[in-house]
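Note that ligands are numbered from 1 as they come in the structure, with each ligand's atoms numbered from 1 the same way.
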Amino acid sequence: VTVPGFAAGVEIVGVDGDDTLWLCQQYFDDALTRLCALLADDADSAAVEKTLEEVESGNLGMYGYGIKSFTLSMLDVGLRLTGNTLRGRQTRAIIDIGREMLTHPVELLPGAESAVRALAASHRVVLVTKGDLVDQQRKLRASGLREHFEHVEIVAEKDPASYAELLAALECKAEDFLMVGNSAASDVVPVLSLGGWAIHVPHRRTWTRELVPDLAADPRLLTLGALTEVPGVLQGGR
Ligand SMILES: [Mg+2]
């Protein structure tokens, strides 16, 4: 893919972690399936899913993103759907689901390593990810990709203010910054709003909260089918 003029002059490329470099949402989906099985005597799957969505929405502002927060939300769902009679073994099982998520081996997406390596050869590359600090650091370490990043930023929320702060710290103007990621809400919209560039690489599993159904076309936005296409596009723009 060659797009003349796209991202011309971009100096720093931000890359998202979860479901851009390594699998993530799949483990949350699998956890939900297990939670549904655990609570099958008390509620059907649709009710578990709906309650989890409600509980998570209420908890995000307090607990933030990530697996620890998700585990607390699963416990809360269990208590709500059992009328606060969740059993000890169910509580144990929910905590264990969270612990297994936190120790799951990191699975890189196909071509992630070569794509990041290629990007780092032509641009300054930074990792911009959100969620549990400890878990994100663990995943980055296990990914083997750390050496390719000039800087790593783990934020509580990927909003315009967080990106603006990062760009100020990097002494980079928004028009010289491009973000690559699977989430329209976290990786695309806030960066475009600052005047930066974005490459959206949708992943087949993306949390509904990260979807933007009416994502508008923008000359500073490109949607690609795979991360492996990104280096070619950015080198074409140089
Ligand atoms: Mg992501």
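Within a 6.0 Å sphere centred on CZ of Arg87, heavy atoms belonging to other residues, nucleotides or ligands number 12 at most. Shown here is Gln26, whose CD atom has more than 12 heavy atoms of other residues, nucleotides or ligands within 6.0 Å.
For Asp18, the N, O or S atom with the smallest separation from the Mg ion (ligand 1) is O. The nearest N/O/S atom of Asp16 to the Mg ion (ligand 1) is OD2.
Among the atoms of Asp187, no N, O or S atom falls under 2.8 Å of the Mg ion (ligand 1). With a cut-off of 2.8 Å, the Mg ion (ligand 1) has no N, O or S atom of Ser186 in range. Not one N/O/S atom of Asp19, from backbone or side chain, sits under 2.8 Å from the Mg ion (ligand 1).
Between the side chains of Asp132 and Gln136, not a single donor N or O lies within less than 3.5 Å of an accepting N or O.
Using a 30° and 60° split on the angle between ring planes, Tyr163 and Phe177 fall in the tilted class, from 30° to 60°. Ring geometry for His104 versus Tyr27: interplanar angle of 30 to 60°, hence tilted.
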